[in-house]
Protein chains: 2
Amino acid sequence: MPAKLLHKPSPSYEELDPVVGALVDEVIGRVADKWTMLILEVLETQGKLRFTRIAEAVPGISQKMLTQTLRQMERDGLVTRTVFPVIPPRVEYELTTIGASLGEAFCGVWQWAEKNLKKIEKSRAKFDQHAMKATKL
Amino acid sequence: MPAKLLHKPSPSYEELDPVVGALVDEVIGRVADKWTMLILEVLETQGKLRFTRIAEAVPGISQKMLTQTLRQMERDGLVTRTVFPVIPPRVEYELTTIGASLGEAFCGVWQWAEKNLKKIEKSRAKFDQHAMKATKL
DNA sequence: CTGCATCCGAAATGATACTG
DNA sequence: CAGTATCATTTCGGATGCAG
């Protein structure tokens with residue numbers, strides 16, 4: 001995917017436009033959510049899915065959080081929610097164009113996580129070990 | 001982190017290696033944190049910085065969260081923490097190689113956020129408007 | 001099946017005060 | 001300056017019950 005990305009356009013957009021900067025931060029804050037990322041990932045790799053399928057595909061998520069996160073994503077225009085007027089209900093979720101583009105953007109982060117897992121674990125172990133000596137436990 | 005629920009394993013990479021999958025999720029969960037991303041961004045664009053400078057550069061962060069997030073990032077090997085034995089204290093934080101690489105990975109998300117800000121706001125307005133009509137408030 | 005509403009304990013976060 | 005400690009508050013997230 002994104003092999004080599006340019007660095008951020010301007011040095012510090014906040015400096016140039018504090019208002020827009022705050023808004024970007026807000027969006028980042030919302031989008032940089034664990035469940036959002038996991039759901040995004042699932043919808044990206046598996047395409048259109050209905051509620052229960054997503055629940056199964058996202059380990060550890062509760063029905064409440066799933067509903068909540070999906071609503072938020074729908075509100076932000078990341079996914080479409082299609083309700084089929086049948087009994088029992090059938091609701092399908094699918095990434096929008098903008099949602100898919102976010103998925104692509106996150107792709108780099110995912111690859112990073114997989115690639116650097118080992119290093120992180122090592123770093124943690126080392127850090128914790130030193131912390132041991134520092135404390136009198 | 002959420003404990004095990006009544007879900008069967010995800011058919012994605014988790015199926016191939018549930019253990020690694022869970023760990024990746026854990027890392028994602030930690031790294032996909034609002035403050036982590038914001039601090040990462042600041043250190044990436046402004047280089048080596050001391051505590052107070054970061055606090056100023058990250059709008060809305062509390063000193064508690066700053067300390068906490070920086071500690072976590074240090075533990076994960078994303079930043080180095082250099083303490084100068086002087087009075088008053090001087091502590092500088094700088095991205096490590098791996099930290100910088102995460103910054104690059106996040107770059108795409110940042111550009112996405114800036115690029116799609118308007119669309120998101122429109123989508124939200126539209127969504128909220130429809131929600132209005134649906135409710136009798 | 002796909003939710004929404006409510007309750008409630010747990011965890012995250014903010015505000016404030018204090019320290020080397 | 002760069003934290004740590006504490007307390008109040010908010011938010012998170014799971015369990016349950018119910019509706020369309």
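Just so it is clear: chains get the letters A, B, ... in the order the sequence lines come, proteins before strands, and each one is counted from 1. What you are looking at is a predicted structure, and each value in this text was computed from that prediction instead of being measured. As a basis for the values below, the full set of heavy atoms in this structure was taken, side chains included, without hydrogen atoms, waters or symmetry mates.
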With the side chain of Lys64(A) defined as its heavy atoms from C-beta on, choose the nearest nucleotide among dG3(C), dT6(C), dT4(D). dT6(C)
Arg50(B), nearest nucleotide to its side chain (from dC1(D), dG14(D), dG3(C)): dC1(D)
Take Met65(A) and Pro88(A), find for each the nucleotide of DNA chain D with the closest heavy atom, and name the residue whose nucleotide sits nearer the 5' end. Met65(A)
Upstream residue (5' side of DNA chain D) when Gln68(A) and Glu92(B) are each assigned their closest nucleotide: Glu92(B)
Do the side chain of Thr67(B) and the main chain of Gln63(B) share a donor and acceptor less than 3.5 angstrom apart? yes
Between dC12(D) (P) and Asp33(B) (CG): distance, integer Å: 13 Å
As an exercise, state the distance from CD1 of Ile120(B) to CZ of Arg30(A), rounded to the nearest 0.5 Å. 9.0 Å
Can a donor-acceptor pair under 3.5 Å be found between the side-chain atoms of Gln63(B) and the base atoms of dT13(C)? no
Taking atom P of dA15(C) as reference, at what distance in whole Å does atom CG of Leu66(B) sit? 14 Å
Quick one: does any side-chain atom of Trp112(A) pair with a main-chain N or O of Gly103(B) as donor and acceptor, under 3.5 Å? no
Nucleotide nearest Phe51(A) (side chain, heavy atoms from C-beta), chosen from dA2(D), dG3(C), dG14(C): dG3(C)
Nearest-angstrom distance from the residue atom NZ of Lys34(B) to C1' of dC12(D): 16 Å
Of the residues in residues 69-77 of chain B, which ones touch DNA chain D at a heavy-atom distance under 4.0 Å? Arg71(B)
For a side-chain contact (heavy atoms from CB on, under 4.5 Å) with Leu49(B), tell me which candidate from Val42(B), Ile39(B), Leu95(B) qualifies. Val42(B)
Students often get this wrong, so: under 4.0 angstrom with heavy atoms, is Tyr93(B) touching a base, only sugar-phosphate, or nothing? sugar-phosphate
For the pair made of CG in Leu49(B) and C1' in dA2(D), what is the distance, rounded to whole Å? 15 Å
If the test is side-chain contact (heavy atoms from CB on, under 4.5 Å), which one of Met73(B), Arg53(B), Arg50(B), Arg81(B) qualifies with Tyr93(B)? Arg81(B)
Residue Pro89(A), side-chain atoms from C-beta onward, closest of dC1(C), dG14(C), dG3(D): dC1(C)
Is Arg81(A) touching bases, backbone alone, or none of the nucleic acid, heavy atoms closer than 4.0 Å? sugar-phosphate
To the nearest Å, how far apart are Ile54(B) CD1 and dC1(D) C1'? 13 Å
Below 4.0 Å: OP1/OP2 of dA12(C) and any side-chain N or O of Trp35(B): no
Is there a side-chain contact between Thr52(B) and the phosphate of dA2(D), meaning an N or O under 4.0 Å from OP1 or OP2? yes
Could you tell me how far apart Phe84(A) (CZ) and dG20(D) (C1') are, to the nearest whole angstrom? 18 Å
From the options Glu74(A), Glu94(A), Glu92(A), select the one residue that forms a side-chain contact (heavy atoms from CB on, under 4.5 Å) with Thr80(A). Glu94(A)
